Amino acid sequence: MKKYSKTHEWIRVNDGVGVIGISKRAAEDLGDVTYVDLPEVGKVVEKGEQLCTIESVKAASSVYAPVSGKIVEVNEKLDTNPELISDSAEEEGWIAKIEISDESELEDLITEEEYEKL
């Protein structure tokens, strides 16, 4: 199950761990991604807090945590290949994995159909 935030992040949850990235639409708006400032593994973030920054040829954009929890893994491929976000925002271009501290926060997120209507 994939859920979206109104700030263009997505999360896919499996056994209490969520994989986070930005939506295809957000990636298209950014254009060619040139750098991703990945969060630190072990960092604890609150829902709505800045998770990381993505820089592109057009702009720099903040990515926000769709849920609270602890970062347990980051997509290290983005260090040398940040364009994965441009090419595959919702698959290979994931940003981080988070151990969710409060799964009820997922209820505030929206479905893909609801996101497409925004």
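Remember, predicted model here, so these are calculated numbers, not experimental data.
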Answer with yes or no whether the hydrophobic clustering places [X] together with [Y]; edges join I, L, V, M, F, W, Y residues whose side-chain heavy atoms lie under 4.5 Å apart.
X: I110; Y: I20; result: no
X: L84; Y: V19; result: no
X: L106; Y: V63; result: yes

Could you check if a side-chain atom of [X] sits within less than 4.5 angstrom of a side-chain atom of [Y], using non-hydrogen atoms only?
X: I71; Y: E40; answer: no
X: P39; Y: V45; answer: no
X: I98; Y: L51; answer: no
X: V36; Y: L38; answer: yes
X: N75; Y: I95; answer: no
X: V33; Y: L78; answer: no

D29: what forms a side-chain contact (heavy atoms from CB on, under 4.5 Å) with it, not counting sequence neighbours?
->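 D29 satisfies side-chain contact (heavy atoms from CB on, under 4.5 Å) with R25 only.
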Tell me the side-chain hydrogen bond (donor to acceptor under 3.5 Å, both in side chains) pairs involving residues 47-65, sequence neighbours left out?
-> K47-D108, Q50-T53, Q50-S62
Can you list every side-chain hydrogen bond (donor to acceptor under 3.5 Å, both in side chains) pair that touches residues 81-96, not counting sequence neighbours?
->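 Only K2-E90, Y4-E90 qualify under side-chain hydrogen bond (donor to acceptor under 3.5 Å, both in side chains).
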Under 3.5 Å, is there a donor-acceptor pair between the side chain of E105 and the main chain of S68?
->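 Checked: pair present.
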Side chain of W10, backbone of I22: donor and acceptor closer than 3.5 Å?
-> yes
Roughly how far apart are H8 NE2 and L118 CG, rounded to 0.5 Å?
->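 The CG atom of L118 is 7.5 Å from NE2 of H8, to the nearest 0.5 Å.
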Could you walk me through whether E114 and T111 pass side chain to side chain donor-acceptor pair (under 3.5 Å), step by step?
-> CA-CA 5 Å; E114 291 168 322; T111 65; 3.3 Å; yes
